[in-house]
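Below you'll find the structure, written out as structure tokens, and then a few comments.
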Amino acid sequence: MLTIYNSLTRQKQPFIPIQAGKIGLYVCGMTVYDYCHIGHARVIVVFDTVVRYLRSLGYHVTYIRNITDIDDKIIQRAHENGETIENLTNRFIQAMHEDTAALGVLLPDDEPRATQFIPQIITIIQRLLDNGYAYITPHGDVCYAVQHFTNYGKLSGKRLEDLRAGERVEIDRSKQHPLDFVLWKAAKPNEPSWSSPWGAGRPGWHIECSAMSTHCLGNHFDIHGGGMDLQFPHHENEIAQSEGATGEPFVNVWMHNGFVRINDEKMSKSLGNFFTVREVLKQYSAEVIRYFILTSHYRSPLNYSDQELESAKQALTRLYTTLRGLSTIAEPELDNLYEQRFISAMNDDFNTPEALAILFDLSKEVNKLKDKEPMQATRLGNQLRRLGGIMGLLQIEPETFLQGQLESLSTQEIEHLITERQAARSRRDWAMADQIRDQLQASGIILEDTAQGTSWRVM
RNA sequence: GGCUGAGUGGCAGAGUGGCUAUGCAGCGGAUUGCAAAUUCGUUUCACGUCGGUUCAAAUCCGGCCUCAGCCUCCA
């Protein structure tokens, strides 16, 4: 039985979909004004893995990951760059698609953009005004009145009276309560705006997710995800908006993933301590990054360092080494102990580190069987590939992984040197053979002699 | 100040009231012409600290210490 930790109840709960066999999943995606960093990669990879696993269980999943393409930072960045907002957002949406594709992430079923949902946003705001959850300020903004929503704070466990409003940001006197937030911002000069019943303006930060999620998945849906930092206020506000407008419960299960850290500090744009996905891809393959992300449980912090990525690379090398030379044709093993352990690990709130440990046990088993029982080794090897695939791993040719990112020498040169060395070995000229091997090693190529001949891989 | 969460062997990172996590790195054996890969082994308590419950706790309960996050934009 699949159990998921629900931020709303602060405990693991058996997962029961609203409609049998179907799951609606919404994840807060990017605000597109810059390149994806490793923190973004984590959310994307984690929920990609969640979706793959849910589908492997037989659920029909509708996966929505939105794009926020209008907000203060976008407007500011476009202005700084001297480019149009549309140009900026399109550029970074394309970059994001390149990055996610590189990381082996499946496309969501829909990728709605905030600017395409202005009519739906206006409808929700109107309903909130009608239902008494919103008011218009003297500046012409429309604000949400948090005190009118009884359950405000239920997701983040906060009580209005405990929050230190005004501690770090000056209180806006035009609001009825300091924590009231803007639904609709009155237009300022030189800013994009849409017309509305309350005059020209643009949506506030939180409202677009209420509009897009309920439009794509219905007023009440199964799972909503995102980074921990969105729990408050973003997701809290989404609940207030959506439930205030529809009068129905909004989301059953809230999932929040932990941060990527660098030296025990959160990786974030505001701290400036981030690495972009494309930067890291220059040094490590996408699958190494993906593996690295999955080595810790999604709710735990993930410490980023070169040493950890290097370790991830070595670990993946081990798995691919096991798969090397195994035919992919044979039927994989199915309902054995490894499978059961894998499923029970993933059923336990998507415990990917545990699931990976089982892949290594399986890998060891395959290695042991390779010589004695090649057929069984092949079947287990294919099971390893299949289970890895549920986490988006082990889907490329072992040789492609092991020989990838070749820099110094061409494949032909390497093959040529191997042939020469083979000749030296057959005439027992060990000095010559070792010299060639050392020469290759200096270029980052490792040789491995087997009964079937010599193979090579990149260090 | 309020609210979350966390403290496990050299590093990373799971987990269960009593029995080997796993990976990387190191060391030793097998294997190899030598390597690499693979495999086997790796000594005494690895489980923040102080108490409590228990025949038994790193695992349950309580206090304390330390760290991170949220209460502003952030994945």
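Chain naming here is simple, since letters A, B, ... match the order of the sequence lines and numbering starts at 1 in each. All values below were derived from every heavy atom in this structure, side-chain atoms included, with hydrogens, water molecules and symmetry-related copies excluded.
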Members of residues 377-402 of chain A that approach RNA chain B, where some heavy atom sits under 4.0 Å away:
none
Find out whether A:T62 and A:C216 are in side-chain contact, i.e. whether some heavy atom of one side chain is under 4.5 Å from a heavy atom of the other.
no
Test your reading of the model: is there a side-chain donor-acceptor pair from A:D141 to the backbone of A:C143, 3.5 Å cut-off?
no
In whole Å, measure the gap between the P atoms of B:rG28 and B:rA37 for me.
15 Å
Hey, does A:D72 reach any base, or is it just sugar-phosphate, or nothing, if we go heavy atoms under 4.0 Å?
nothing
From the options B:rG69, B:rG23, B:rA75, select the nucleotide whose nearest atom is closest to the side chain of A:F360.
B:rG23
How far does the C1' atom of B:rU8 sit from the matching atom of B:rG13, given to the nearest Å?
9 Å
Are there over 12 heavy-atom neighbours, none belonging to A:N151, within less than 6.0 Å of that residue's CG?
yes
Just checking A:G258: base, sugar-phosphate only, or nothing, at a heavy-atom cut-off of under 4.0 Å?
base
Report, one line per pair, each donor and acceptor closer than 3.5 Å where one atom sits in a side chain of residues 432-444 of chain A; sequence neighbours left out.
unit_1 : atom_1 : unit_2 : atom_2 : d
A:D434 : OD1    : A:R437 : NH2    : 3.4
A:S443 : OG     : A:Q439 : O      : 3.4

I'd like to know whether CD of A:E415 has more than 12 heavy-atom contacts from other residues, nucleotides or ligands below 6.0 angstrom.
yes
For A:M228 and B:rU4, give me the distance from atom CE to atom P, rounded to whole Å.
12 Å
B:rC61 and B:rG5, which share atom name P, separated by this distance in whole Å
13 Å
Can you tell me, in whole Å, how much space there is between the P of B:rA58 and that of B:rA21?
15 Å
Provide the distance between the two C1' atoms, one in B:rG26 and one in B:rU43, to the nearest whole Å.
15 Å
Residues forming a ring pair (Phe, Tyr, Trp, His ring centres under 6.0 Å) with A:F181, sequence neighbours excluded
A:Y144, A:H206
Any N or O donor-acceptor pair under 3.5 Å from the base of B:rC70 to the side chain of A:K158?
yes
Are any non-hydrogen side-chain atoms of A:F221 and A:V251 less than 4.5 angstrom apart?
yes
Which nucleotide wins on minimum distance to the side chain of A:K73, given the candidates B:rC73, B:rC71, B:rA75?
B:rC73
Can the ring centres of A:Y63 and A:Y26 be said to be less than 6.0 Å apart?
no
Test log, rule salt bridge (charged side-chain N to carboxylate O under 4.0 Å, His left out), inputs A:K73 and A:D34:
CA-CA 10 Å; A:K73 290 193 168 170; A:D34 209 337; over 6 Å; no
Between atom NZ in A:K269 and atom C1' in B:rA75, what is the gap in whole Å?
9 Å
May I ask you to decide if the ring planes of A:F250 and A:W254 are parallel, tilted or perpendicular, using 30° and 60° as cut-offs?
tilted
Give me the distance, rounded to whole Å, that separates B:rU39 from B:rG7 when you measure between the P atoms they each carry.
30 Å
What N/O pairs connect the protein and nucleotides 9-15 of chain B at under 3.5 Å? Give each pair on its own line.
unit_1 : atom_1 : unit_2 : atom_2 : d
B:rC11 : O2'    : A:E308 : OE2    : 3.4
B:rA12 : O4'    : A:E308 : OE2    : 3.4
B:rA12 : O2'    : A:E308 : OE1    : 3.1
B:rA14 : OP1    : A:H297 : N      : 2.9
B:rA14 : OP1    : A:S300 : OG     : 3.1
B:rA14 : O3'    : A:N351 : ND2    : 3.0
B:rA14 : O2'    : A:E354 : OE1    : 2.4
B:rG15 : OP1    : A:N351 : ND2    : 3.2

Would you call A:T411 and A:W456 a side-chain contact if the rule is heavy atoms closer than 4.5 Å?
yes
Classify the nucleic acid contact of A:V260 as base, sugar-phosphate or nothing, counting any heavy atom under 4.0 Å across all strands shown.
base
Go ahead and write out RNA chain B as dot-bracket, 5' to 3': ( ) for pairs within the strand, [ ] for ones crossing earlier pairs, | when the partner sits on another strand, dots for unpaired; Watson-Crick or G-U wobble, both distances under 3.5 Å.
(((((((..(((.....[...))).(((((.......))))).....(((((..]....))))))))))))....
Student check: side-chain heavy atoms of A:L384 and A:L326 closer than 4.5 Å:
no
Does A:G157 reach a base, just sugar-phosphate, or nothing at all? Heavy atoms under 4.0 Å.
sugar-phosphate
On the ring face of A:F47, is A:R65 found with NZ or CZ under 6.0 Å from the centre and within 45° of the axis?
no
Nearest-Å distance, CD (A:E310) to P (B:rG23)?
18 Å
Distance under 6.0 Å and angle within 45° of the ring axis: does A:K266 meet both against A:F259?
yes
Would you mind reading off the distance between A:L319 atom CG and B:rU22 atom C1', rounded to a whole angstrom?
11 Å
Would you mind telling me which of B:rC24, B:rC71, B:rG23 lies closest to the side-chain atoms of A:Q314?
B:rC24
Measure up the A:H235 and A:H256 rings against each other and bin them: parallel (under 30°), tilted (30 to 60°), perpendicular (over 60°).
tilted
Classify every nucleotide of nucleotides 28-40 of chain B by which part a protein heavy atom approaches to under 4.0 Å, writing B for the base, S for the sugar-phosphate alone and - for neither, in 5'-to-3' order.
-----BBBBSSSS
Check whether any side-chain heavy atom of A:E98 lies under 4.5 Å from a side-chain heavy atom of A:V277, and answer yes or no.
no
In terms of the nearest nucleotide of RNA chain B, which residue is placed more toward the 5' end: A:A315 or A:I38?
A:A315
Nearest-angstrom distance, P atom, B:rG52 to B:rA57:
11 Å
Check the distance between B:rG2's C1' and A:R159's CZ and give it to me in whole angstrom.
8 Å
Protein-nucleotide distance (A:M267, atom CE; B:rA75, atom P), rounded to Å
13 Å
Quote, to the nearest angstrom, the C1' distance that separates B:rC11 from B:rA25.
8 Å
Tell me: CZ of A:F181 to P of B:rC71, nearest whole Å?
15 Å
Heavy-atom nearest nucleotide on RNA chain B for A:H40 versus A:Y5: which residue maps closer to 5'?
A:Y5
Could you check how far CZ of A:F232 sits from P of B:rA75, rounded to whole Å?
17 Å
